[in-house]
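Working notes, beginning with the structure itself.
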2 protein chains.
Amino acid sequence: MSVQSVDRTLDILEALADQGGEAGLSEIAARTRLPYGTIHRLLQTLLARGYVRQESDRRYALGGSLVRIGEVAERLVGGWAEPYLTKMVELSGETANMAVLEGDFVVYVAQVPSPRRLRMFAEVGRRVLPHSTAVGKVLLADRADAAAVFGRTGLPRRTEHTITNVDRLLAELVTVRERGYAMDLGEEELGVHCLAVPVSDGDRVVAGMSVSGPADRISALNRDELAQGLRKIAHDFGVEAFGSGR
Amino acid sequence: MSVQSVDRTLDILEALADQGGEAGLSEIAARTRLPYGTIHRLLQTLLARGYVRQESDRRYALGGSLVRIGEVAERLVGGWAEPYLTKMVELSGETANMAVLEGDFVVYVAQVPSPRRLRMFAEVGRRVLPHSTAVGKVLLADRADAAAVFGRTGLPRRTEHTITNVDRLLAELVTVRERGYAMDLGEEELGVHCLAVPVSDGDRVVAGMSVSGPADRISALNRDELAQGLRKIAHDFGVEAFGSGR
DNA sequence: ACATCCTTTCCATAATATGGAAAAAGTCTT
DNA sequence: AAGACTTTTTCCATATTATGGAAAGGATGT
């Protein structure tokens, strides 16, 4: 049996995170169904320690104390991903990556390179726009505000294959959602293909995992079969890293 | 008055973060002075929601659910930094940046550019090694494991001014700690000087803020006076973003 | 100045979190 | 394989806290 007030506090933090990090007390109440007095008291505890802060308009926001703990956690998660990425390399023969969204950008947070001499390399920490990458599509396919993200980032042409029409791209995201994986067919870099699958925490997509390599080698693989194997691995990782959800 | 079990849960999360993200129950007990039964119950609550996970050797680790909340919080903090960075630009006339450590790397997370036509620019998201940057020195000056970090990253020469001798660099960090600011005198890029100050959450240095520009313009400024002004701004920001500590 | 909506405070009490002891599990040594 | 030791997990009586509805306070709009 869990500790009720801790559960409730996590509910409040997640309610804030779900609303972009900031919300009023009554908005939190609407999402968590908790009484105002209870929310207020729990928020005061978080406030005292910097986990939450209060804006001048009395709205609450996630606070800086979460950043440090989040960063420590992220380093650990990156480490846990490696055995799973290794399995993806074994399955496909190609370099495997994990990426997350940071703001409007895709950031690579873990990688296991292919043993082949000709291999893809994406520097861990590298940031790219989501529209022309397979992991970007996987991440945005789960987001209601994908159109807004594309509005902010634009859809700059990286290669002749880059999808630069927003309607076509949004339609592509529908396809990604339906079939459970995304492709990058030379959209980010000529001659490079990439297949990505989502990592879920049970509620939402929190990361993407992908394999990438030369176009002809990726094309030679059975795409749906590969996707299915990658999805299984990604699911197992999601359970380990993020719990089975609630 | 705060909610005791929430305070205790935060104590536990911070104890884990302080130990690199992983610890046994008795290690957490040593740090938090809480009874084993209490810690266990609170950990089970966090476990159920993915905020903590248990390794196969029964040790506990920070879990993936913290990553998402930490990322939302980081975006907000970056936004709050901008008014303070703006003040730094007004004070110095030069571009102001904020950076954090992610693993062994310095990452720029916020920037306000100088209005001057000749100005420094560091892409938000860019990662650099800490040894040759002012913010890197400020961040590592607070770290007991700075020597280990340098051991892992190496001290690659970026310019003829780069400090590549580890003893000299560690001595430099002592100086940084003593005087409260760090300098980059063309160590990362020829002709560019940089002055950085720490941002503290009350306990430890969580970020660095800096101003940088052409060497002659930075040299023409009164260094100690500038540092004092920047430290005040950074302190004010630390209070806003991270609370006054506990 | 008033109405409305949102936030904060208060406090009686229902309900929970507590924590010491015992049980269980894992590791190390012989 | 068995015993010693250390760490973790479970249990449950009860002390103590967290609760939440009502009232008070604050901000906004007219």
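In what follows, chains carry the letters A, B, and so on, assigned in the order in which the sequence lines appear, proteins first and then strands, with residues in each chain numbered from 1.
- Closest approach of A/Gly180 to A/Pro198, counting heavy atoms only: O-CD, 3.5 Å.
- Between the C1' atom of D/dT8 and the CG atom of B/Leu47 lies a distance of 13 Å, rounded to the nearest Å.
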(request) Classify every nucleotide of nucleotides 8-27 of chain C by which part a protein heavy atom approaches to under 4.0 Å, writing B for the base, S for the sugar-phosphate alone and - for neither, in 5'-to-3' order. (result) BB------SSSB------S-
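- What separates CD of A/Glu55 from P of C/dT7 is a distance of 13 Å, to the nearest Å.
- Partners of A/Glu82 under the salt bridge (charged side-chain N to carboxylate O under 4.0 Å, His left out) rule, at least two apart in sequence or in another chain, do not exist in this structure.
- A/Asp203 has no carboxylate O lying under 4.0 Å from a charged side-chain N of B/Arg68, or vice versa, which leaves the two without a salt bridge.
- For the helix from C/dA1-D/dT30 to C/dT30-D/dA1, the angle separating the two terminal helix axes comes to 60°, with each axis derived from five pairs and the value rounded to 10°.
- Looking at A/Arg116, its side chain does come within 3.5 Å of a backbone N or O of A/Gly93 through a donor-acceptor pair.
- Note on A/Glu14 versus A/Arg31: no salt bridge recorded, every NZ/NE/NH1/NH2 to OD/OE distance being 4.0 Å or above.
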(request) Would you check, one step at a time, whether the test side-chain hydrogen bond (donor to acceptor under 3.5 Å, both in side chains) holds for A/Asp7 with A/Ser2? (result) CA-CA 7 Å; A/Asp7 259 333; A/Ser2 59; 2.7 Å; yes
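- Remark: the B/Asp104 side chain and the B/Thr153 side chain contain no N/O donor-acceptor pair separated by less than 3.5 Å.
- Atom-to-atom, CG of A/Asp7 to P of D/dA18 comes out at 15 Å; the value is rounded to the nearest Å.
- Of the charged side-chain nitrogens involved, at least one lies within less than 4.0 Å of a carboxylate oxygen, so that B/Asp11 and A/Arg49 count as a salt-bridged pair.
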